[in-house]
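As the structure is a computational prediction, the values presented were derived from the model and not from experiment. This chain uses plain numbering: 1 for the first residue, then up along the sequence.
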Amino acid sequence: MIFPVRLLVFASLAALVPGSADAQRRDERRDVFEAMRTGKLLPVREIENRVLPSMQGAQYLGFDFDSGSGIYTLKFLRNGNVIWVEVDGHSGQIIGRSGR
């Protein structure tokens, strides 16, 4: 019986401590914003404008961004198949594609 009480106390205390993950996400967002502002990283709208015309007949589902590598992954759906297109956020070049 004492174990659940200790677990509850520790969980409550952990919720009060500011998370380092939140601070890391803020730092990443700041770094990405600065890279876009200085022209080192292309904005997602420019990436989309380059890729979407080549994806005729596919529904655009959205994108993910890896701030560590600067790679955008655009997701599409065509005929029930998911297609991922990886784009270098620095150059705008397509560097990978999976799916049909």
Side-chain angles (χ1 to χ4, degrees):
M1 190 61 116
I2 208 126
F3 177 73
V5 172
R6 285 184 184 172
L7 182 61
L8 181 61
V9 169
F10 286 124
S12 298
L13 290 174
L16 297 175
V17 177
S20 64
D22 289 337
Q24 183 177 1
R25 279 191 292 267
R26 277 192 303 274
D27 290 345
E28 285 177 2
R29 283 194 301 265
R30 184 194 67 236
D31 292 346
V32 168
F33 176 78
E34 183 63 20
M36 281 190 221
R37 189 184 71 73
T38 60
K40 294 178 183 174
L41 187 65
L42 298 170
V44 69
R45 297 300 168 236
E46 187 168 335
I47 298 293
E48 291 169 338
N49 289 338
R50 292 177 183 208
V51 175
L52 271 80
S54 68
M55 297 300 295
Q56 297 295 324
Q59 177 186 0
Y60 180 50
L61 302 176
F63 73 95
D64 288 326
F65 178 72
D66 182 338
S67 62
S69 65
I71 294 175
Y72 291 95
T73 303
L74 283 66
K75 297 182 239 179
F76 298 87
L77 183 65
R78 181 188 292 143
N79 300 325
N81 297 311
V82 177
I83 303 165
W84 292 272
V85 178
E86 294 180 336
V87 181
D88 182 316
H90 304 285
S91 68
Q93 297 296 311
I94 294 175
I95 56 174
R97 180 180 166 147
S98 60
R100 296 181 192 225

Applying a strict under-4.5 Å side-chain criterion to I, L, V, M, F, W and Y, I'd like to know whether [X] and [Y] cluster together.
X   : Y   : result
L52 : F63 : yes
I94 : W84 : no
L41 : V44 : yes
L61 : M55 : no
L74 : I83 : yes

Determine the minimum heavy-atom distance between [X] and [Y], stating which atoms define it.
X   : Y   : result
R78 : Q56 : NH2-O, 2.9 Å
D88 : I47 : O-CD1, 4.2 Å
V51 : S54 : O-OG, 2.7 Å
K75 : Y60 : O-CD1, 3.5 Å

- Ignoring hydrogens and angles, tell me if any N or O in the side chain of Y72 forms a donor-acceptor pair with the backbone of L42 under 3.5 Å. yes

- Kindly say whether N81 contributes a backbone atom to a donor-acceptor pair with the side chain of N79 at under 3.5 angstrom? no

- Query: For K40, what residues pass the salt bridge (Lys or Arg N to Asp or Glu O under 4.0 Å) criterion, not counting sequence neighbours?
  - Reply: none

- Trace of the side chain to side chain contact (heavy atoms under 4.5 Å, CB included) decision for R50 with V87: CA-CA 10 Å; R50 292 177 183 208; V87 181; over 6 Å; no

- How many angstroms lie between CD1 in I71 and NE2 in H90, if you round to the nearest 0.5 Å? 8.0 Å

